[in-house]
K.L.:
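First the structure, which I've put down as structure tokens, then a few questions once you've had a look.
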Amino acid sequence: MASSSMLLSFLTFSLLLGLFNSSQLEIEELSWLDDNNDEEINMVQSRHDSLRKCDFVSGKWVYDQTYPLYDASTCPYLSTKVTCQKNGRPDSDYEKWRWKPHGCNIPRFDALEFLGKMRRKRIMLVGDSIMRNQWESLVCLVESVVPTDRKTVTYAGPTMAFHALDFETSIEFCWAPLLVELKKGLGNKRILHLDLIEENAKYWRAADVLVFDSAHWWTHSDKWTSWDLLMDGNHVAQNMNRMVAYQRGLRTWAKWVDLNLDPRQSRVIFRTMSPRHNRDNGWKCYKQREPLGYASHPHVPEEVMVLKGVIKRMRFPVYLEDITGMSALRRDGHPSVYFAQSGGSDHGSADCSHWCLPGVPDIWNEMLNAML
């Protein structure tokens, strides 16, 4: 009888200890937020349950007169090539579409709430010019609530950073379109080192939130190719299947994340590739005025499948921000011929890769904010 009582006591203690450890782990999962702001943590916890079941990938574009979320003419951080209205684009409806997932809503972006959540934090977006596109969007989404004398932009090497001084928050961009290292070698040859990353990664190490993308530069071909030779260890190759090379480069990135980052201190998100609506894949973006209602032939790019396979094998919990399918419906959202202030109608030279701002990347950032 005594032994049964002792066993029951032990089991009760173990159960309570298990519950305590579970709660402790949940608290640690949120420790990257402001440790002194219980209100913010409660807000994130209350939203977490409703958003956790939300499938952001499946949905439709809904016209919303309350968009865009900022005025391009008053945001000084936009590149010329994405200010399509200023460059002569005659229509503006492309600014007024938001993504509506089936069965739930992505919360409308609130600049003060975002900055409060990111107080004393660094968020860094790492990738190519389309990630720069997203960085400009995110900065424009927040900058209007920061007084002029309390914000600044700094530059260091391949990085640029917007600082909201009163929040001690920085929103940063790091140019690393291939993630792994591209170096000049003998004869001025461009050598892509599939197994080297530290020269780029040293800029990312101290960030609290990291958002990556890498795809387009791996797919350039012929005269637009990004490298002359590939190296993996001591092996040198002039030609390699591009998806094999992409997978090896991503594995190097994944190994760095697994070895160098602590999930209790950092969040890592990988955004899937942005679709290009150009002639190469049968699409055109010139004179497009509204989103497609649906994809008649939904296609998952091979790059996305490779990325998902690499992430699945990682120890570090990387979150996938899948924007490929939703953005594929937005052939109306590109600069097209309005990528320079002269504008024009020569659609022989049209930009169907980047995105007008305000526009589609703002919705990516609303999704990013919800994921955080």
Side-chain angles (χ1 to χ4, degrees), residues 56-57 79 81-82 99 122-139 141 158-161 171-182 192 194 197 200-201 203-204 207 209-220 226 242-243 245-254 256-257 261 266-278 300-312 314 316-328 330 333-334 351-355 357 359-372:
F56 292 154
V57 175
S79 301
K81 65 184 176 184
V82 301
W99 182 248
R122 292 176 59 196
I123 177 169
M124 179 177 281
L125 284 64
V126 181
D128 55 21
S129 58
I130 298 175
M131 187 60 94
R132 162 78 181 263
N133 211 174
Q134 186 174 354
W135 176 82
E136 292 182 8
S137 159
L138 185 55
V139 171
L141 284 167
T159 71
M160 56 179 60
I171 302 171
E172 306 178 34
F173 168 71
C174 181
W175 173 258
L178 296 158
L179 300 183
V180 292
E181 297 177 22
L182 182 66
L192 182 62
L194 297 174
I197 199 169
N200 295 329
Y203 294 101
W204 321 331
V209 179
L210 282 161
V211 186
F212 292 95
D213 99 302
S214 183
H216 285 295
W217 277 48
W218 295 90
T219 61
H220 293 169
S226 306
R242 289 182 177 270
M243 288 303 98
Y246 182 52
Q247 184 183 57
R248 291 185 184 180
L250 283 180
R251 284 176 176 169
T252 298
W253 164 82
W256 183 89
V257 170
L261 299 182
S266 306
R267 284 292 174 272
V268 176
I269 295 166
F270 206 113
R271 176 178 59 66
T272 62
M273 72 179 298
S274 171
R276 289 173 293 188
H277 298 105
N278 52 24
V300 178
E302 193 173 0
E303 293 88 344
V304 175
M305 297 172 66
V306 170
L307 171 63
K308 287 181 177 180
V310 170
I311 289 177
K312 193 178 295 185
M314 294 176 66
F316 192 100
V318 173
Y319 297 91
L320 190 72
E321 184 184 9
D322 192 348
I323 57 86
T324 305
M326 60 183 278
S327 304
R330 293 301 311 276
H334 299 290
D351 182 352
C352 296
S353 296
H354 300 92
W355 300 92
L357 291 177
V360 173
D362 302 330
I363 309 303
W364 300 348
N365 283 323
E366 285 196 310
M367 187 186 297
L368 172 65
N369 185 43
M371 293 176 72
L372 290 174

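Please read these numbers as outputs of a predicted model, since none were measured by experiment.
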K.L.:
State the OG-CE distance between S266 and M124, to the nearest 0.5 angstrom.
P.N.:
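It comes to 11.5 Å.
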
K.L.:
T272 side chain to V304 main-chain N or O, any donor-acceptor pair under 3.5 Å?
P.N.:
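Flag not set: sc T272 to bb V304 has no pair under 3.5 Å.
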
K.L.:
When the aromatic ring centroids of W256 and F316 are compared, is their separation below 6.0 Å?
P.N.:
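No - the distance between ring centres of W256 and F316 does not fall below the 6.0 Å cut-off.
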
K.L.:
Looking at F212 versus W204, is the centre-to-centre ring distance below 6.0 Å?
P.N.:
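Under 6.0 Å, so yes.
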
K.L.:
Answer whether the closest heavy-atom distance between the side chains of V211 and V126 falls below 4.5 Å.
P.N.:
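Sidechains of V126 and V211: no contact.
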
K.L.:
Working to the nearest 0.5 Å, report the span between CG of L125 and CD1 of I130.
P.N.:
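Reported to 0.5 Å precision, the distance equals 13.0 Å.
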
K.L.:
Between S226 and L182, what is the shortest heavy-atom contact and its length?
P.N.:
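Of all heavy-atom pairs spanning S226 and L182, the closest is O-CD2, 3.6 Å.
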
K.L.:
Compare all side-chain heavy atoms of V318 with those of W253 and state whether any distance is below 4.5 angstrom.
P.N.:
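Touching, per the 4.5 Å side-chain cut-off.
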
K.L.:
Between L368 and E321, what is the shortest heavy-atom contact and its length?
P.N.:
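Answer, listing the atom of L368 first, then E321: N-OE2, 3.7 Å.
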
K.L.:
Run I323 and M273 through side-chain contact (heavy atoms from CB on, under 4.5 Å) and show every step you take.
P.N.:
CA-CA 7 Å; I323 57 86; M273 72 179 298; over 6 Å; no

K.L.:
Under the side-chain contact (heavy atoms from CB on, under 4.5 Å) rule, collect the residues that match up with R132, sequence neighbours excluded.
P.N.:
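Per chain and number, R132 pairs via side-chain contact (heavy atoms from CB on, under 4.5 Å) with S79, W135, E136, M160, F173.
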
K.L.:
Name all residues meeting the side-chain contact (heavy atoms from CB on, under 4.5 Å) criterion together with A245; count only those two or more places apart in sequence or in a different chain, and write none if there are none.
P.N.:
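Applying side-chain contact (heavy atoms from CB on, under 4.5 Å) to A245 gives L194, W218, L230, M240.
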
K.L.:
Does V268 reach the side chain of L261, with side-chain heavy atoms less than 4.5 Å apart?
P.N.:
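In short, these two side chains touch, coming nearer than 4.5 Å.
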
K.L.:
For the backbone of A176 and the side chain of N200, can you confirm whether one donor and one acceptor N or O come within less than 3.5 Å of each other?
P.N.:
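Pair absent, no side-chain N/O of N200 close to backbone of A176.
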
K.L.:
Locate the shortest heavy-atom distance separating S327 from W364; write the atom from each residue and the value.
P.N.:
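Closest approach of S327 to W364: OG-NE1, 3.0 Å.
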
K.L.:
To the nearest 0.5 angstrom, please state how far the CD atom of E172 sits from the OH atom of Y203.
P.N.:
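Between atom CD of E172 and atom OH of Y203 there are 12.5 Å.
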
K.L.:
Would you say the side chain of T324 lies within less than 4.5 Å of the side chain of V300, judging by non-hydrogen atoms?
P.N.:
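Side-chain contact under 4.5 Å: no.
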
K.L.:
Drop me the distance from I123's CD1 to L138's CG, to the nearest 0.5 angstrom.
P.N.:
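One finds 6.0 Å between CD1 of I123 and CG of L138.
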
K.L.:
Checking D213 now: which residues fulfil side-chain contact (heavy atoms from CB on, under 4.5 Å) with it, not counting sequence neighbours?
P.N.:
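Scan of D213 (side-chain contact (heavy atoms from CB on, under 4.5 Å), adjacent residues dropped) gives D128, M131, R271.
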
K.L.:
Is there a donor-acceptor contact under 3.5 Å from the side chain of H334 to the main chain of H354?
P.N.:
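Such a contact is found between H334 side chain and H354 backbone.
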
K.L.:
Give, for atom CZ of R242 and atom CD of E303, the distance between the pair rounded to the nearest 0.5 Å.
P.N.:
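If we round to the nearest 0.5 Å, R242:CZ and E303:CD are 10.5 Å apart.
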
K.L.:
Once rounded to the nearest 0.5 Å, what's the spacing between atom CD of Q134 and atom CG of L141?
P.N.:
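Separation between the atoms: 10.0 Å.
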
K.L.:
Under 4.5 Å between any side-chain heavy atoms of L372 and I269, yes or no?
P.N.:
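Counting from C-beta outward, L372 and I269 do come under 4.5 Å.
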
K.L.:
Which atoms form the tightest heavy-atom contact between A370 and F56, and what is the distance?
P.N.:
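Heavy atoms of A370 and F56 come nearest at CB-CZ, 3.9 Å.
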
K.L.:
State, yes or no, whether a side-chain contact exists between L307 and L320 at a heavy-atom distance under 4.5 Å.
P.N.:
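Yes, their side chains come closer than 4.5 Å.
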
K.L.:
I want to check something: taking the side chain as every heavy atom from C-beta on, are M314 and V257 in contact at a cut-off of under 4.5 Å?
P.N.:
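The answer is yes; the side chains approach within 4.5 Å.
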
K.L.:
Give me the atom names and distance for the closest heavy-atom approach of W99 to V57.
P.N.:
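Taking every non-hydrogen atom into account, CZ2-O, 3.4 Å.
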
K.L.:
Can a donor-acceptor pair be found, under 3.5 Å and without considering hydrogens, that links the side chain of S137 to the backbone of N133?
P.N.:
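Checking the backbone N and O of N133 against the side chain of S137, no donor-acceptor pair under 3.5 Å is found.
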
K.L.:
Spell out, as yes or no, whether a donor-acceptor pair under 3.5 Å connects the side chain of Y246 to the backbone of S214.
P.N.:
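The answer is yes, because a donor-acceptor pair under 3.5 Å joins these two groups.
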
K.L.:
Please evaluate residues M243 and M305 with respect to the criterion side-chain contact (heavy atoms from CB on, under 4.5 Å), reporting the C-alpha separation (whole Å), side-chain torsions for both, the decisive distance (0.1 Å), and the verdict.
P.N.:
CA-CA 10 Å; M243 288 303 98; M305 297 172 66; over 6 Å; no

K.L.:
For S274, is there any backbone N or O sitting under 3.5 Å from a side-chain donor or acceptor partner on H216?
P.N.:
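At least one qualifying donor-acceptor pair exists.
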
